[in-house]
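For reference, the structure is listed below as structure tokens.
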Amino acid sequence: MEKPELNKLFKDGNIQINLRRATFDRLQIKPSVNYRGKTQDEVFFQKQDGNNVEFEVVRRMDFDPEGVFEITVVYTIRRQIADEFVGGDLDFRELLKTFELKDFNFLCGNVFSAMSLIISQFTQASNGIPMVSPPVYCGVAAKSADVK
């Protein structure tokens, strides 16, 4: 099947977003070490039944080398597929593999903004200064330290 236009793939307004888990772990800080923050997002297919598709969005913030803190925020999203695509050969698991950055932002609605807010609240409560992560999809891996 050809990749459908995302704005036609789902029914309007039918999106269920649930916070599944948010964790904040403070780690050791070594004063002589320079830490580099990393933000990583992943989207995992969960299930497709009838006209519903469910997937999980995970944002992790941590440091390289390991230290300072680790934050993980997980949301579950359920969307209804438009009637014209129900019963066809649409395999959402395979479709996810073809998505580009802009596709994930459309697919997940305001989840990345919600994750950014939670992370800033955690970090403000921890040290008085909120760290604001990007309110958009950050990709499945952070750039390595040697990439410019």
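Linking ILVMFWY residues whenever their side-chain heavy atoms come closer than 4.5 Å, directly or via other members, places Val86 and Val53 in the same cluster. Following chains of ILVMFWY side-chain contacts shorter than 4.5 Å, one can reach Val33 starting from Phe63, so the two form part of one hydrophobic cluster. Linking ILVMFWY residues whenever their side-chain heavy atoms come closer than 4.5 Å, directly or via other members, leaves Phe44 and Leu96 in distinct clusters. Note on Phe106: it clusters hydrophobically with Val111, by side-chain heavy-atom contacts below 4.5 Å among ILVMFWY residues.
Ile81 and Leu90 get closest at one heavy-atom pair: CD1-CD2, 3.9 Å. Residues Thr39 and Cys138 approach most closely at CG2-SG, 3.7 Å, considering heavy atoms. Of all non-hydrogen atoms in Ile15 and Leu107, the two that sit nearest each other are CD1-O, 4.1 Å. Nearest heavy-atom pair, Ile119 versus Arg59, reported as atom, atom and distance to 0.1 Å: CD1-CD, 3.6 Å. Closest of all the heavy-atom pairs between Ser120 and Val132 is CB-CG2, 4.1 Å. Looking at every heavy atom in both residues, Met115 comes nearest to Val57 through CE-O, 3.2 Å.
Arg79 meets the salt bridge (charged side-chain N to carboxylate O under 4.0 Å, His left out) test with no other residue; sequence neighbours excluded. Every residue two or more places apart in sequence or in another chain was checked for a side chain to side chain donor-acceptor pair (under 3.5 Å) with Asn110, and none qualifies. Not a single salt bridge (charged side-chain N to carboxylate O under 4.0 Å, His left out) links Lys47 to another residue, sequence neighbours left out. Checked against salt bridge (charged side-chain N to carboxylate O under 4.0 Å, His left out), Glu66 has no partners two or more places apart in sequence or in another chain. Taking the salt bridge (charged side-chain N to carboxylate O under 4.0 Å, His left out) definition, one finds that Arg21 meets it with nothing, sequence neighbours left out. Residues meeting the side-chain contact (heavy atoms from CB on, under 4.5 Å) test with Gln124, sequence neighbours left out: Pro130. Remark: Gln121 engages no residue in a side chain to side chain donor-acceptor pair (under 3.5 Å) (not counting sequence neighbours). Looking at residues two or more places apart in sequence or on another chain, you find a ring pair (Phe, Tyr, Trp, His ring centres under 6.0 Å) between Phe99 and Phe104.
Gln46 CD to Gln48 CD: the interatomic distance, rounded to the nearest 0.5 Å, is 13.0 Å. Put simply, SG on Cys108 and CZ on Phe55 are 4.5 Å apart, with the number rounded to the nearest 0.5 Å. Distance check: Gln16 CD to Ile77 CD1 gives 11.0 Å after rounding to the nearest 0.5 Å. Remark: Asp62 CG to Arg36 CZ distance equals 11.0 Å, nearest 0.5 Å. Taken from OG1 in Thr98 to CD in Glu94, the straight-line distance is 9.0 Å, to the nearest 0.5 Å. Tyr137 OH to Leu101 CG: the interatomic distance, rounded to the nearest 0.5 Å, is 6.5 Å.
Ser116 contributes no side-chain N or O that, together with a main-chain N or O of Pro134, makes up a donor-acceptor pair within less than 3.5 Å. For the pair Thr123 (side chain) and Met131 (backbone), a donor-acceptor distance under 3.5 Å is present.
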Show every donor-acceptor pair shorter than 3.5 Å between a side-chain atom in residues 6-13 and any protein atom, with sequence neighbours excluded, or say none if there are none.
residue	atom	partner	partner atom	Å
Lys11	NZ	Asp83	OD1	3.2

Give the table of side-chain donor-acceptor pairs shorter than 3.5 Å for residues 68-75, with sequence neighbours excluded, one pair per line with atom names and distance.
none

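In the hydrophobic clustering, where aliphatic and aromatic side chains (Ile, Leu, Val, Met, Phe, Trp, Tyr) are joined below 4.5 Å either directly or transitively, Leu117 stands alone.
Under the 4.5 Å side-chain criterion, counting only non-hydrogen atoms from C-beta, Phe45 is not in contact with Leu95.
Pairs passing the side chain to side chain donor-acceptor pair (under 3.5 Å) check and including a residue from residues 24-33, sequence neighbours excluded, read Arg26-Ser126.
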